[in-house]
There are 2 protein chains.
Amino acid sequence: MGLTKTEIFTEDQNKLAQVLKALAHPARIAILQHIIASNTCICGDLVNELGLAQATISQHLKELKNARLIQGTIEGVSVCYCIHPENWEALKHNLNDFLSTFKGSTQCC
Amino acid sequence: MGLTKTEIFTEDQNKLAQVLKALAHPARIAILQHIIASNTCICGDLVNELGLAQATISQHLKELKNARLIQGTIEGVSVCYCIHPENWEALKHNLNDFLSTFKGSTQCC
DNA sequence: AATATCAATCGTAATATTGCAATATAATAT
DNA sequence: ATATTATATTGCAATATTACGATTGATATT
C-alpha cells in the first residue's frame with residue numbers, strides 16, 4: 001500500500017499530521033529558522049546558506065507553501081519568502097493544545 | 001537519492017525533525033490522543049478503537065517508542081503504554097521555543 | 001534583441017513509509 | 001503439555017519522499 005488511510009481519522013488529526021509532516025525535515029526547519037532570523041523577507045539566498053541544490057530548496061519551499069507556513073511574493077527577478085503569520089500562530093496554538101492535553105501527574109508504567 | 005542529508009544540518013535540527021516525523025501521521029496522533037484520554041496506561045484496545053490492522057498499530061507504536069514519546073511495560077500477557085512524561089515536556093518546550101522565535105510584528109510580503 | 005539571473009518544474013534514481021497477511025514469540029490458563 | 005490470548009516481527013506491494021541535473025519561464029540588464 002504505502003497510502004495513509006486518511007478516511008478513518010478526524011479532519012483535525014489529518015490536518016495536524018499534514019502540517020507536522022511539512023515541519024518534519026531538517027532542511028525545512030533550517031529554512032524556517034533562516035526566514036525567521038532575518039526578520040525581513042528572505043529572497044533566495046537559501047541556496048547559498050544550506051548545502052542543497054537549487055531544485056531541492058525550491059521543492060522544500062513548495063512544501064512549506066503548500067502547508068501554508070510561508071508565503072512568497074515575486075520581487076522582480078527573485079521571490080521573497082516570509083512566515084504566514086496567522087497560520088503560524090494557529091499551528092502554535094493547535095500544537096500547544098494537543099501537547100497540553102497530557103498532564104504528567106499520574107505515575108504509571 | 002531519497003536519503004536526507006542529515007550531515008549538513010545541526011543536531012538540534014535533525015532531532016527536532018525526527019520527533020516531528022514521529023508525530024506526523026494521523027494514526028500516531030490518534031494513538032497518542034487515546035493514550036492521553038484514558039489517563040491510565042492503555043493496553044491493546046487500540047486495535048479495536050482505530051480501524052487499522054494489529055500489525056499496523058504495532059508498527060506505529062514502535063515508531064512512537066523509537067521517538068521516545070511513549071514507553072511500554074509488559075503487563076502479563078499484554079503491554080501497557082503511556083506517555084513518556086519527561087520527553088513529552090521536552091518536546092513541548094522545544095517546539096514552543098522554535099515556534100516562538102517568530103514574532104509576527106513586521107508586516108511583509 | 002540578446003543575454004544574464006533567479007526560481008519553478010520535469011524527469012529520474014535511490015530510499016523511506018504505509019499497511020497488511022502470515023508467522024513468530026511470550027505469557028497465562030486449562 | 002497444550003491451547004489461548006496479546007503483541008511483535010517478517011516479507012511484501014503500493015505509494016511517497018528526497019535529492020539533483022536539466023530544462024523552462026519570467027524578469028532585468030546590456
Side-chain angles (χ1 to χ4, degrees), chain A residues 1-9 13-14 17-32 34-35 41-67 69-82 109, chain B residues 1-9 13-14 17-31 34-35 41-67 70-82 109:
Chain A
M1 311 254 151
L3 181 59
T4 298
K5 278 193 163 181
T6 52
E7 70 276 9
I8 66 174
F9 304 108
Q13 288 166 341
N14 284 317
Q18 212 173 350
V19 185
L20 287 173
K21 208 164 168 182
L23 278 182
H25 192 286
R28 293 195 287 270
I29 290 177
I31 288 172
L32 290 170
H34 197 77
I35 292 180
C41 295
I42 200 72
C43 305
D45 33 326
L46 287 164
V47 180
N48 305 322
E49 300 292 329
L50 309 178
L52 289 172
Q54 183 265 324
T56 310
I57 300 275
S58 189
Q59 209 173 265
H60 283 305
L61 286 168
K62 189 181 174 184
E63 278 186 65
L64 289 170
K65 256 188 294 180
N66 286 344
L69 289 171
I70 63 173
Q71 55 196 162
T73 44
I74 295 164
E75 191 92 359
V77 78
S78 58
V79 178
C80 214
Y81 292 104
C82 64
C109 295
Chain B
M1 313 260 146
L3 181 59
T4 298
K5 279 192 163 180
T6 52
E7 70 275 10
I8 65 174
F9 304 107
Q13 289 166 341
N14 284 316
Q18 213 174 349
V19 185
L20 288 172
K21 207 165 169 183
L23 276 183
H25 192 286
R28 293 195 286 270
I29 290 177
I31 288 172
H34 197 78
I35 292 179
C41 296
I42 200 73
C43 305
D45 31 326
L46 287 164
V47 180
N48 305 323
E49 300 292 330
L50 311 176
L52 290 171
Q54 182 266 323
T56 309
I57 301 273
S58 187
Q59 208 172 266
H60 283 306
L61 285 168
K62 190 179 172 185
E63 279 186 65
L64 289 171
K65 254 188 294 180
N66 286 344
I70 63 173
Q71 56 195 163
T73 45
I74 296 163
E75 190 91 357
V77 77
S78 58
V79 178
C80 212
Y81 291 104
C82 63
C109 295

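The sequence lines fix the lettering, A, B, ..., with proteins before strands; numbering per chain opens at 1.
Residue-level contact check: A:A53 touches the backbone only, with heavy atoms under 4.0 Å from sugar-phosphate atoms and none from bases. B:L52 comes within 4.0 angstrom of the backbone, heavy atoms only, and of no base.
At C:dC20, one or more side-chain N or O atoms of A:K5 fall inside 4.0 Å of OP1 or OP2 (strictly under the cut-off). For A:K62, no side-chain nitrogen or oxygen approaches OP1 or OP2 of C:dA7 to under 4.0 Å. Under 4.0 angstrom from either OP1 or OP2 of D:dA6 there lies no side-chain N or O belonging to B:S78. The side chain of B:K21 places an N or O atom within less than 4.0 Å of a non-bridging phosphate oxygen (OP1 or OP2) of C:dT17. Regarding contacts with the backbone of D:dC20, a side-chain N or O of A:T56 is found under 4.0 angstrom from either OP1 or OP2. Taking only side-chain nitrogens and oxygens, A:K65 comes nearer than 4.0 Å to OP1 or OP2 of C:dA8. The phosphate of C:dG19 (OP1 or OP2) has a side-chain N or O of B:H60 nearer than 4.0 angstrom. The phosphate of D:dT7 (OP1 or OP2) has no side-chain N or O of B:S58 nearer than 4.0 angstrom.
Using a distance-only test at 3.5 Å, with no hydrogens or angles considered, a donor-acceptor pair links the side chain of B:R28 to the main chain of B:K21.
One atom, NE2 of A:H25, and another, P of C:dT15, lie 15 Å apart when rounded to the nearest Å. The nearest whole Å value for the distance from the CG atom in B:L64 to the P atom in D:dT7 is 15 Å. Atom CG of B:L46 is separated from atom C1' of D:dA8 by 15 Å (rounded to the nearest Å). The distance between atom CG of A:N66 and atom P of D:dA16, rounded to the nearest whole Å, is 14 Å. If you take CD of A:Q71 and C1' of C:dA7, they are 18 Å apart, rounded to a whole angstrom. Put simply, CD1 on A:I57 is 15 Å from P on C:dT9, counting in whole angstrom units. D:dG25 atom P lies 15 Å from atom CD1 of A:I74, rounded to whole Å. A:E75 has its CD atom 11 Å from the P atom of C:dA7, to the nearest Å.
The side chain of B:Y81 lies closest to D:dA8 when the candidates are D:dA8, D:dT18, D:dA6. Comparing atom distances between the B:Q59 side chain and each of C:dT18, C:dA27, D:dT18 picks out C:dT18 as nearest. Distances were taken from every side-chain heavy atom of B:E63 (C-beta onward) to each of C:dT18, C:dG11, D:dA8; the shortest belongs to C:dT18. Distance from the side chain of A:A55 is smallest to D:dA22 among D:dA22, C:dA16, D:dT7.
Contact of the A:T56 side chain with the A:L50 side chain is not registered, since no non-hydrogen atoms from C-beta on lie closer than 4.5 Å. Between B:L61 and B:L46, some side-chain heavy-atom pair lies under the 4.5 Å cut-off.
Between B:H60 and B:H25, the ring planes are tilted. Angles from 30° to 60° get that label.
Environment of CD in A:Q18: sparse, with no more than 12 heavy atoms of neighbouring residues, nucleotides or ligands closer than 6.0 Å. A 6.0 Å sphere centred on CD1 of A:I8 holds more than 12 heavy atoms belonging to other residues, nucleotides or ligands.
Of the residues near DNA chain D, A:G76 and A:Q54, the one whose nearest nucleotide (by heavy atom distance) lies more toward the 5' end is A:Q54.
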